[in-house]
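Structure first, commentary second.
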Amino acid sequence: MIVKVVIDIPAKQVNRSFDYAVPKDWESAIKLGSRVQVPFGNMKRTGFVVDIADETEFNGKLKPIHSIMDYDVFLNEELIELSDYLAEYLQCFRISVLQAMLPSLLKAKYDAIVQIHDPVLFSEKVGSWYQNETSIDRKELEDRMSPNAISQLKKENIISIEYQVINQTTQKTKTMIKTNLNKDQLMNALEKTSQRSFKQRAILEYFINNQAIESIEKNTLMTELEVSNATINSAIDKEWITTFKEVVYRDPLKDVSFQTSSSKTLLPEQQNAYDLISQSVDNKQADTYLIEGVTGSGKTEIYLQLMDRALQQGKSALLLVPEISLTPQMVERVVSRFQTGIAVLHSGLSITEKYDEWQRIIKGEAKIVVGARSSIFAPLENIGIIIIDEEHETTYKQSDNPRYHARDVARWRSDYHDAPLILGSATPSLESRARAQVGNYHLIHLENRVNQMPMPPVDIIDMTQVELRETANELSPELIEKIQDRLDKREQVVLLQNRRGYASYLLCRECGFIMQCPRCDISLTYHKFDNQMKCHYCDYHEPLPTQCPSCQSPHIRTHGIGTQKVAETLEEIFPEAKVTRMDNDTTRRKGQHQKLLDEFSSGQSNILLGTQMIAKSLDFENVTLVGVINADTALNLPDFRASERTFQLLTQVSGRTGRGRLAGEVVIQTYNPEHYVIQFAKTHDYENFFRFEMKRRHLTNYPPYYFTTLLTVSSKHQGKASQLAYDLKAQLYNPELERKEQLYIIGPNRNNISKINNYYYFNLLLKYKDKTTIQRQLDDILNNTQQKATQGVYVNIDHEPQYFS
DNA sequence: AGCACGCCGACT
DNA sequence: GTCGGCGTGCTC
């Protein structure tokens, strides 16, 4: 037996498989997808078995495999085939794709432990050296038995092999406190402690009064007793208490209510969608459906019933959501409907938990997978349906290697399994909507909300006309009045202040003028270090003006107000209101996100103020006002998708109100009230927005009319990086194609954050019509630049990038 | 990635 | 003459 192995070295020269001999004793243990250790050169490296053959074309003596790493496989034939396709399609190393497919536990350091399920049979088969233990080191067993024999024991369920992570750094731990003293000893200590040591006495009293409690989290104790770390430490010094670490497990289903729910009767529109798609499920057709449904139109119910149908036919179902911790309600609904056989995968799980979920999928225990982007690689067999909810979300595109888009992977798997792919959104990506337009996808419209409520009215406030008070220059009097009104009525308010980190643009306070690039139809970005306004799409730049180029007003300045400033203003104007601020700063700590949401949903706070993360599908029945503090922030990002994103964001956040029985209202403050995005958002008119935006993309030669690829050259030497970037441009430059409007090369531009970790970045953006030619040219470039990698210059390729700087 | 091979400049 | 610089090529 010969196996073809892909080595774990991401380099062009070894981006292929190498043949290895398999000793007889190993043949039944090694399977397609096995991880193996192989001798490679004079090294020992990890690799994946991607093919099994009887013969080799290699002219030389094959080396045998050094060892087998797992007796389980984590990749099936389908995923191995997929990795081959993706590596070529994404122009990245196959090993990178294979590694991205695996649960991350296998990348950590771990001990392999053999669990003995049947001690009697086990000792019968392995002999007398073994003492009566329930688990032994795998290594010990391997020293005495052949891999084939171990594999056989496993198959007979006499043993199983488990992994224990050695490197615990990826696991969250919390510090726990317990006491080793009994009640008398504690009382004794209390007596000896001075009456003035209130805090130390408090700790003793706590343990005296809570004998039943074995241990308590340090942080909890500190807040509960209002004691400081110093007090805790002195208690430790006096040996009253000891601390220990406990691993924090975040069971995704822990907080989910297990109430069972049954299928709801579908509205005619929903029924129609269900009927259409279920035909594809039944007939095993790899069709793609785009469900364009307004917020509240009941897309989830359609998903659930379709998944149910696939399950009834003995197939499995894959549901992708943008990020589970942001969409707990979706998980809850899936669990309530199906109760068992669900694997939930997301970034909040510990690596061991993820691995466990993965195992359940491999073993066929879980037929339903709900998860974020990487779940698209879940090793499900016999998939009957794939659903991507909120398909327009950018989180479906991985921003580092392998830079795949879950939608593309889903398309491939859909073809492989002859299963329909469902894309759902209230505001589909232009790419998907355009594909539906030309008939590649089936388009399904859902125009009615399940609760029969109309979409909330949207009030546009022209901030250029608002006379602003010094203290509250982010809030218009109208918005202030409406917030006051909701506070009086004990209803809740959601406020969006979408300030994204870096980009500051130049805005005239008098006329609302925003400096645009004369060539690119994209706003200029202020660069502080040389005081210039620059375009990120071409080389255009000009000095920062002192007066408005349009109306000559001196009231022109860079713009960008953060949530923190708004929160201060709110507290000044509404001292009686409790404001929950939710942004990257306040949710960086794990669990903080949920905590803030709980605070708001339970009614402890009146106003939820946050960045775009608050726009995600959250249902709060008591919210009757949604305010967008500045719609222009996102609109003026230097990105051709800025309009699309803003429209999606405004539509999404508008959907946060009117979810319950109370009617909702939306207020959007803007300096550009006439902007088409604002106007279409006002009427919730996706279809006309789509048509308008398509025209604009057509005129400016952007997707979906052109393919885009971003080449990034990076090096510690600025000169080397820029030199190569210019060389690449020269290589790709083709006046013939440019004249025929088949290819545009933009750049090289310096990355907006020009230096990260001492590396300089230069970008080259390609816009083109003919994918095959460019792909071939880029292959050549990758081959030629491989040797540069040893000189510290790197080239990265990102097809259809979501962000550009 | 890591290592051997090989071809040119400054040394005991 | 030789030691060692690192550019080039190979790893089943």
Side-chain angles (χ1 to χ4, degrees), chain A residues 1-70 73 75 77 80-81 83-84 86-88 90-102 104 106-109 147 167 400-403 712-717 719-721 723-724 727-728 731 757-759 779-797:
Chain A
M1 185 161 104
I2 284 155
V3 285
K4 295 183 184 297
V5 175
V6 174
I7 311 291
D8 69 338
I9 298 170
K12 196 81 194 173
Q13 294 134 306
V14 290
N15 190 28
R16 61 187 179 95
S17 64
F18 290 83
D19 294 0
Y20 284 89
V22 180
K24 272 266 174 294
D25 273 359
W26 304 55
E27 289 193 346
S28 67
I30 285 189
K31 301 177 198 84
L32 199 61
S34 287
R35 266 190 336 156
V36 288
Q37 296 233 291
V38 291
F40 189 69
N42 52 357
M43 312 172 262
K44 192 171 81 184
R45 308 287 309 208
T46 306
F48 290 90
V49 174
V50 295
D51 203 2
I52 296 175
D54 295 325
E55 287 174 15
T56 179
E57 279 158 28
F58 180 64
N59 295 322
K61 193 168 162 21
L62 289 187
K63 290 184 185 175
I65 277 174
H66 180 269
S67 67
I68 176 166
M69 295 182 72
D70 318 291
V73 286
L75 302 170
E77 199 177 338
I80 287 166
E81 200 179 319
S83 74
D84 193 25
L86 275 181
E88 194 191 320
L90 301 169
Q91 298 187 288
C92 68
F93 306 117
R94 190 158 179 204
I95 191 69
S96 316
V97 181
L98 287 166
Q99 281 170 343
M101 288 176 162
L102 288 179
S104 49
L106 300 177
K107 286 163 224 157
K109 281 195 190 281
N167 178 2
D400 41 53
N401 275 324
R403 301 169 201 271
T712 307
V713 184
S714 58
S715 174
K716 282 188 178 179
H717 297 272
K720 280 188 188 174
Q723 182 60 51
L724 184 56
D727 286 353
L728 293 183
Q731 269 180 57
N757 284 333
N758 284 325
Y759 274 86
D779 272 335
D780 288 345
I781 284 181
L782 278 181
N783 281 328
N784 296 336
T785 53
Q786 177 61 34
Q787 61 207 50
K788 304 256 190 202
T790 55
Q791 296 163 21
V793 191
Y794 305 91
V795 178
N796 245 313
I797 294 184

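Treat the numbers as computed from the prediction; the structure is a model and nothing was measured. Proteins get letters first, then strands, A, B, ... in listed order; numbering begins at 1 in each.
If you take CG of D8(A) and P of dG2(B), they are 10 Å apart, rounded to a whole angstrom.
Side-chain N or O atoms of N15(A) include one that pairs as donor or acceptor with a backbone N or O of R94(A) at under 3.5 Å.
Within a 6.0 Å radius of CD in E77(A), other residues, nucleotides and ligands contribute 12 heavy atoms or fewer.
Between V73(A) and L32(A) there is no side-chain heavy-atom pair separated by less than 4.5 Å.
N796(A) pairs by the side-chain contact (heavy atoms from CB on, under 4.5 Å) definition with N401(A), R403(A), T712(A), not counting sequence neighbours.
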Just the table, please: protein N/O against nucleotides 10-12 of chain C N/O, every pair under 3.5 Å.
from: dC10(C); atom 1: N4; to: Q13(A); atom 2: NE2; distance (Å): 3.4
from: dT11(C); atom 1: O3'; to: G41(A); atom 2: N; distance (Å): 3.2
from: dC12(C); atom 1: OP2; to: K63(A); atom 2: NZ; distance (Å): 2.3
from: dC12(C); atom 1: O3'; to: D19(A); atom 2: O; distance (Å): 2.9
from: dC12(C); atom 1: O3'; to: K63(A); atom 2: N; distance (Å): 2.7
from: dC12(C); atom 1: O2; to: D19(A); atom 2: N; distance (Å): 2.7
from: dC12(C); atom 1: N4; to: R16(A); atom 2: NH2; distance (Å): 3.3

Expected list for residues 18-26 of chain A: side-chain donor-acceptor pairs under 3.5 angstrom, two or more places apart:
from: D19(A); atom 1: OD1; to: K4(A); atom 2: NZ; distance (Å): 3.2
from: D19(A); atom 1: OD2; to: K4(A); atom 2: NZ; distance (Å): 3.3
from: D19(A); atom 1: OD2; to: T56(A); atom 2: OG1; distance (Å): 2.5
from: Y20(A); atom 1: OH; to: P39(A); atom 2: O; distance (Å): 2.7

